Amino acid sequence: MDNPKHSINADTIARTIILVLALVNQVLAIAGKSVISFADNDIYQMVSLGWTVVASVIAWWKNNSFTCTACEADAWMKAKLEAKKDNKDKEE
C-alpha cells in the first residue's frame with residue numbers, strides 16, 4: 001500500500017466476511033454437515049441457500065474497493081459528487 005490514506009471500508013470487510021461465512025455454510029450443507037442441529041434438514045438447506053444468495057447479492061452489489069486505485073477512484077467520485085451538490089446549492 002503506497003498511499004498512507006488507503007484503507008478498505010469497514011462495510012466492504014463486513015460484506016466480504018458475511019459472504020465467506022455464507023459460502024462456507026453452503027459447502028457444509030451440501031456436504032451433509034448440519035451446523036444448525038435443531039432445524040429440519042430441508043428447512044436448514046433452504047435457509048442456508050437463501051442466506052448464501054442474499055449475502056452474495058448484498059456483498060457484490062455494493063462497491064467493494066480493495067485496491068489503492070479503487071479507493072482513490074471512490075475518493076475522486078465522492079469529491080465530484082460533493083462539488084456538484086455545492087454548485088447546485090449555490091444556484092438556489
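All residue numbers in this chain count up from 1 along the given sequence. Please read all numbers here as calculations on a predicted model, not as lab measurements.
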ask   = Can you tell me how far the CG atom of Leu49 sits from the CG atom of Asn25, to the nearest 0.5 Å?
value =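 One gets 11.0 Å once the value is rounded to the nearest 0.5 Å.
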
inquiry  = To the nearest 0.5 Å, what is the distance between CD on Glu82 and CE on Met77?
reply    =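 Atom-to-atom, Glu82:CD and Met77:CE are 11.0 Å apart.
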
Minimum-distance pair of heavy atoms, taken over all atoms of Ser56 and Leu19 =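 That would be OG-CD1, 3.3 Å.
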
query = If two hydrophobic side chains count as joined below 4.5 Å and joins carry through other members, does Trp51 share a cluster with Ile17?
reply =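 Result: yes, single cluster for both.
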
key: Pairing residues for Val27 by the side-chain contact (heavy atoms from CB on, under 4.5 Å) criterion, not counting sequence neighbours   =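 side-chain contact (heavy atoms from CB on, under 4.5 Å) check on Val27 returns nothing, list empty.
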
Ile30: side-chain contact (heavy atoms from CB on, under 4.5 Å) partners, not counting sequence neighbours =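 For Ile30 the side-chain contact (heavy atoms from CB on, under 4.5 Å) partners, ignoring immediate neighbours, are Gln26.
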
key: Side chain proximity check, Lys80 to Lys84, heavy atoms < 4.5 angstrom   =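 Not in contact.
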
query = Taking the hydrophobic residues Ile, Leu, Val, Met, Phe, Trp and Tyr, and joining any pair whose side-chain heavy atoms are under 4.5 Å apart, which ones share a cluster with Ile58?
reply =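 Members besides Ile58, by chain and number: Val54.
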
query = So Thr52 and Leu23, side-chain contact (heavy atoms from CB on, under 4.5 Å) or not? Walk me through it.
reply = CA-CA 6 Å; Thr52 302; Leu23 292 172; 3.9 Å; yes

